[in-house]
Amino acid sequence: RFFFFSPSEGYLPRNCHRVVVLGAPKVGKTSILQRFLGKEVEEKYEPTTEEFHRKLFYIGGEAYQVDLLDASSERDFPAKRRLSILTGDIFLLVFSLDDKDSFGEVCELLNEIRAAKAKLQKLKSPARVPAVICGNKADLEAQRAVSRSEVTETLGDGISFFETSAKDDTGLESVFRAMASLGGLPDETSPSRHHLVSIPTYQSLCSGERGSRRSRTRGPIDAPCAAVDPLARRPSFRSDLRLVLGSSTKHKKPEKCQIQ
């Protein structure tokens with residue numbers, strides 16, 4: 001049998017990671033997520049409706065779970081956004097290179113994340129957070145309103161910053177590899193480093209139920225692969241709150257995540 005991880009224990013086991021995506025509307029967050037999930041990018045803009053996604057990986061005989069939370073809908077709900085921030089392991093902050101205000105919002109969000117994590121960890125100074133800053137819409141060079149030098153001068157050299165275009169897939173490989181590095185994930189979680197399989201195939205790999213199929217499909221099965229869970233639902237706010245309250249308990253040792 002296979003189980004989704006439920007954070008009722010009050011802490012996040014290893015191999016389970018939550019990526020929280022934040023930024024102003026219409027900067028391309030959904031398109032970047034679509035690229036990570038291995039889906040086609042829709043050029044027509046539509047407001048975000050699916051805020052939670054789950055991608056399951058099987059790499060080197062080990063299972064990994066990456067939950068992706070687009071917290072855009074919480075923009076006007078500070079308490080909800082703060083809870084999302086507190087449960088995040090990796091942060092992807094997106095602005096548009098043709099929109100100076102969207103860059104200002106990312107700067108404010110980064111400060112908010114640092115302050116929230118510092119308070120959770122009872123630090124006296126802003127916490128260092130695993131954040132990747134993405135300046136999207138690099139294909140609109142003629143409309144550029146934010147320069148690279150302005151970004152580095154404002155955010156400092158210690159921040160991972162990349163200019164990207166979700167439309168033509170420019171620069172996103174570097175973004176995904178930086179996210180993997182900050183989260184302690186294998187490089188093979190980058191979309192170009194694995195192939196997509198169905199949920200049943202993924203489950204059979206994790207359980208070792210390969211049978212006689214192994215000899216016929218040895219190459220693809222032994223290679224890094226991933227599956228997108230179409231039934232994934234965001235954990236309740238109550239579960240997230242228990243996760244946050246339990247994360248400050250240092251006596252519990254992480255255990256292997258029960259991935260689907």
Side-chain angles (χ1 to χ4, degrees), residues 17-43 45-48 50-53 55 66-75 81 84-85 88-114 117 128-183 185 187 189-193:
H17 302 261
R18 179 179 289 188
V19 178
V20 176
V21 185
L22 292 160
K26 300 182 181 181
V27 295
K29 298 184 297 297
T30 298
S31 295
I32 292 172
L33 288 177
Q34 294 293 319
R35 291 289 188 187
F36 183 79
L37 294 170
K39 298 181 179 180
E40 293 295 324
V41 172
E42 298 288 340
E43 292 191 22
Y45 172 76
E46 293 185 5
T48 298
E50 292 183 274
E51 64 174 15
F52 188 81
H53 308 271
K55 193 167 183 179
V66 176
D67 289 345
L68 303 142
L69 173 61
D70 184 347
S72 302
S73 61
E74 300 167 2
R75 193 164 181 256
R81 186 178 68 245
S84 295
I85 287 172
D89 302 300
I90 308 165
F91 296 90
L92 177 60
L93 306 183
V94 185
F95 71 93
S96 181
L97 290 167
D98 68 342
D99 185 348
K100 200 176 187 71
D101 289 340
S102 69
F103 174 60
E105 185 163 332
V106 158
C107 295
E108 293 176 3
L109 285 167
L110 183 59
N111 290 332
E112 182 180 352
I113 294 168
R114 286 169 169 167
K117 291 291 189 180
R128 293 178 61 88
V129 296
V132 177
I133 311 297
C134 182
N136 196 37
K137 301 188 181 181
D139 52 293
L140 302 178
E141 182 61 32
Q143 288 81 44
R144 177 187 283 266
V146 183
S147 66
R148 175 177 286 274
S149 60
E150 182 178 359
V151 175
T152 55
E153 182 179 348
T154 303
L155 300 178
D157 296 329
I159 288 292
S160 298
F161 168 65
F162 301 92
E163 295 188 355
T164 66
S165 170
K167 181 178 180 180
D168 57 27
D169 203 14
T170 299
L172 290 179
E173 180 70 15
S174 297
V175 170
F176 299 143
R177 293 191 68 176
M179 288 167 53
S181 177
L182 288 173
L185 290 162
D187 284 345
T189 52
S190 297
S192 66
R193 301 287 303 277

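Only this structure's heavy atoms are used, side chains among them; waters, hydrogens and symmetry mates stay out.
To the nearest 0.5 Å, atoms CZ (Phe176) and OG (Ser192) are separated by 9.5 Å. The distance from the CD atom of Glu112 to the CG atom of Leu93 is 10.5 Å, given to the nearest 0.5 Å. The NE2 atom of His17 sits 9.0 Å away from atom OG1 of Thr189, with the distance rounded to the nearest 0.5 Å. In this structure, the separation between CG on Leu68 and CD on Gln34 is 10.5 Å, given to the nearest 0.5 Å. Taking CD of Glu173 as the reference point, atom CZ of Phe162 lies at 10.5 Å (rounded to 0.5 Å). Between the CG atom in Leu155 and the OG atom in Ser160 there is a gap of 11.0 Å [rounded to 0.5 Å].
A salt bridge is defined here as a Lys NZ or Arg NE, NH1 or NH2 lying under 4.0 Å from an Asp or Glu carboxylate O, and Glu150 with Lys100 meets this definition. Salt-bridge check for Asp89 with Arg18: failed, with every basic side-chain N at 4.0 Å or more from each acidic carboxylate O.
In this structure the side chain of Ile113 reaches within 4.5 angstrom of the side chain of Leu22, judged on heavy atoms. Side-chain contact between Val20 and Leu92 is absent, with no heavy-atom pair separated by less than 4.5 Å. Counting heavy atoms from C-beta outward, Glu105 and Arg75 have side chains that approach closer than 4.5 Å. Counting heavy atoms from C-beta outward, Val19 and Met179 have side chains that approach closer than 4.5 Å. Within the 4.5 Å cutoff, side-chain heavy atoms of Lys29 are placed close to those of Val27. With contacts defined as side-chain heavy-atom distances shorter than 4.5 Å, the pair Val129/Leu110 qualifies. At a threshold of 4.5 Å between non-hydrogen side-chain atoms, the residues Asp67 and Phe52 count as touching. Annotation: side chain of Val94 is in contact with side chain of Ile32 (closest heavy-atom distance under 4.5 Å).
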task = Show your working on side-chain contact (heavy atoms from CB on, under 4.5 Å) between Leu97 and Leu140 and close with a plain yes or no.
result = CA-CA 8 Å; Leu97 290 167; Leu140 302 178; over 6 Å; no
request  = Give the intermediate values and the outcome of side-chain contact (heavy atoms from CB on, under 4.5 Å) for residues Ile85 and Phe91.
outcome  = CA-CA 8 Å; Ile85 287 172; Phe91 296 90; 4.2 Å; yes
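With sequence neighbours left out, Ser181 forms a side chain to side chain contact (heavy atoms under 4.5 Å, CB included) with no residue at all. For Ser31, there are no side chain to side chain donor-acceptor pair (under 3.5 Å) partners, not counting sequence neighbours. For Thr154, there are no side chain to side chain donor-acceptor pair (under 3.5 Å) partners, not counting sequence neighbours. Phe103 is linked by a ring pair (Phe, Tyr, Trp, His ring centres under 6.0 Å) to Phe95, counting only residues two or more places apart in sequence or in another chain. For Glu74, the side chain to side chain donor-acceptor pair (under 3.5 Å) partners at least two apart in sequence or on another chain are Ser84, Arg234.
When atom types are taken as modelled, the side chain of Thr152 and the backbone of Arg148 share a donor-acceptor pair closer than 3.5 angstrom.
For CZ of Arg177, the number of neighbouring non-hydrogen atoms (other residues, nucleotides, ligands) closer than 6.0 Å is 12 at most.
Arg193 and Asp187 make their closest contact through NH1-CB, 3.5 Å (heavy atoms, listed as atom of the first residue, atom of the second, distance). Here the closest heavy-atom approach between residue Leu172 and residue Ala166 is recorded as CD1-CA, 3.9 Å.
If you check the side chains of Ser149 and Ser147, you find a donor sitting under 3.5 Å from an acceptor. No side-chain donor-acceptor contact under 3.5 Å links Asn136 and Ser96.
Sequence neighbours left out, the pairs with a member in residues 129-147 that pass salt bridge (charged side-chain N to carboxylate O under 4.0 Å, His left out) are Glu141-Arg144, Arg144-Glu163.
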